[in-house]
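Each chain gets a letter, A, B and so on, in the order its sequence line appears, and its residues count up from 1.
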Number of protein chains: 2
Amino acid sequence: MARKRFDDSKCSVARALNEVGDWWSLLIVLHAMYGTRRFVDFQQQLGIAKNILCDRLAKLVDNDVLRKVDVGEHGSRFEYRLTEKGRDLFPVVVALRQWGDKWNPTPEGLPLDLRDRETSQPIQQVTVQSSDGKTLTIRDVFDYEQTH
Amino acid sequence: MARKRFDDSKCSVARALNEVGDWWSLLIVLHAMYGTRRFVDFQQQLGIAKNILCDRLAKLVDNDVLRKVDVGEHGSRFEYRLTEKGRDLFPVVVALRQWGDKWNPTPEGLPLDLRDRETSQPIQQVTVQSSDGKTLTIRDVFDYEQTH
DNA sequence: CAATAGGGTTGCTTTACGAAACCAAATTGA
DNA sequence: TCAATTTGGTTTCGTAAAGCAACCCTATTG
């Protein structure tokens with residue numbers, strides 16, 4: 001039987017994963033955030049096969065995460081730019097990157113943290129916060145208990 | 001040729017996706033945060049085939065996201081519990097859920113937001129923040145420009 | 001002894017993926 | 001000016017992997 005799809009799942013995480021939950025899509029979004037816009041640049045930076053890139057870009061455009069913009073003089077030159085929906089994945093990507101840096105650091109061990117370009121200060125760890133700014137754990141939000 | 005793997009990628013997002021970037025893994029982690037611990041409960045709640053669940057649980061245990069705990073009197077009763085590494089995915093999951101709620105709301109349209117159980121107040125949107133607490137955009141962190 | 005939990009195995013279909021061919025528009029260059 | 005090449009992207013194809021269903025097996029619970 002076909003792979004299960006989550007388009008109509010009642011779980012919004014499942015629906016989100018349906019759009020950006022495969023191997024390549026979130027990496028494409030990440031590189032779009034780095035500033036990449038052109039097909040060939042995505043291809044070279046990611047080392048992805050052209051047909052797969054083609055497919056993923058089309059799906060991301062379909063899902064309104066990217067926008068395909070004609071930038072050619074007479075057509076046939078395109079750029080893929082993040083929509084607001086795509087830009088809204090910023091916290092997801094940063095949280096994932098911080099998680100990867102913390103738990104799977106490079107063998108070289110350089111932390112290479114992200115910084116606020118204006119102040120050159122490292123950014124904060126992405127956390128879940130209550131309305132008054134306290135950092136929340138799983139226990140505070142879900143009915144989750146950990147008997148260590 | 002085989003699917004590309006990112007174990008040794010210099011990009012920590014790629015390495016992270018290598019561990020939790022497939023269709024099922026993050027949903028399993030999510031349900032573990034909801035409180036699910038048992039094989040059959042995961043299977044029924046997710047509607048996942050048993051061998052796939054088996055495989056994913058083993059990989060998550062291998063990657064130290066889950067811990068397999070023997071809770072039987074004489075063995076053969078197990079629970080899968082989040083490790084600290086697994087619990088550390090909390091901001092990722094919440095950010096993804098908020099993104100899904102915002103951009104792919106349920107047809108019924110109920111926001112069904114997350115709340116701090118102690119105060120019953122809705123939690124904040126997960127954001128990327130500077131060291132002094134300002135919310136940062138992509139532009140503030142990456143060399144990203146958007147010509148609208 | 002029956003039912004349930006926690007898997008493992010087999011068989012089959014669908015998808016993901018890379019390689020490479022293909023193609024139209026743009027550029028080069030003679 | 002007109003063939004040759006490059007750029008940007010799509011299509012085709014063969015293979016490897018993902019995925020589901022169904023059956024099996026052991027140990028525990030009741």
Visitor: If each of K50(A) and D22(A) is mapped to the nucleotide of DNA chain C with the nearest heavy atom, which maps nearer the 5' terminus, i.e. the 5' end?
Guide: D22(A)
Visitor: Return the nearest nucleotide to the side chain of K68(A); candidates are dG18(C), dC20(D), dT10(D).
Guide: dT10(D)
Visitor: Salt bridge or not between K59(B) and D22(B)? Use side-chain N to carboxylate O under 4.0 Å.
Guide: no
Visitor: Could you please name the option among dG8(D), dG18(C), dT11(D) that lies closest to any side-chain atom of I52(A)?
Guide: dG18(C)
Visitor: Measure from the side-chain heavy atoms of F78(B) and tell me the nearest of dC20(D), dA21(C), dG6(C).
Guide: dG6(C)
Visitor: For F39(B) and dT26(D), what is the distance between atoms CZ and C1' respectively, to the nearest whole Å?
Guide: 14 Å
Visitor: K59(B) side chain: which of dG9(D), dG8(C), dA18(D) is closest?
Guide: dA18(D)
Visitor: Looking at CG of D116(B) and CG of L136(A), how far apart are the two atoms once the value is rounded to the nearest 0.5 Å?
Guide: 5.0 Å
Visitor: From CG of D70(A) over to P of dA26(C), roughly how many Å is that when rounded to an integer?
Guide: 10 Å
Visitor: Write down the atom of K68(B), the atom of F78(B), and the distance for their closest heavy-atom approach.
Guide: CE-CG, 3.6 Å
Visitor: I48(B) has a side chain; which of dG7(C), dC20(D), dA5(C) sits nearest to it?
Guide: dC20(D)
Visitor: Less than 4.0 angstrom between a side-chain N/O of R38(B) and OP1 or OP2 of dG6(C), yes or no?
Guide: yes
Visitor: In this structure, how many angstroms lie between the P atom of dC20(D) and the CD atom of Q43(B), rounded?
Guide: 10 Å
Visitor: Give the rounded distance in Å between these two atoms: CG of L53(B) and C1' of dG6(C).
Guide: 10 Å
Visitor: Whole Å only: how far is the CG atom of D41(B) from the P atom of dA5(C)?
Guide: 8 Å
Visitor: Does N51(A) contact dG18(C) through a side-chain donor or acceptor facing the base, at a distance under 3.5 Å?
Guide: yes
Visitor: Quick one: L66(B) CG to dG6(C) C1', roughly how many Å, whole number?
Guide: 16 Å
Visitor: Measuring from the side chain of W24(A) (C-beta onward, heavy atoms only), which nucleotide among dT10(D), dG18(C), dA18(D) has the closest atom?
Guide: dG18(C)
Visitor: Measure CG/D55(A) against P/dT15(C) and give the value in whole Å, please.
Guide: 12 Å
Visitor: Taking D101(B) first and then R97(B), would you say they form a salt bridge - that is, a charged N and a carboxylate O separated by under 4.0 Å?
Guide: yes
Visitor: Can you measure from CD (Q124(A)) to OG1 (T127(B)) and round to the nearest 0.5 angstrom?
Guide: 8.5 Å
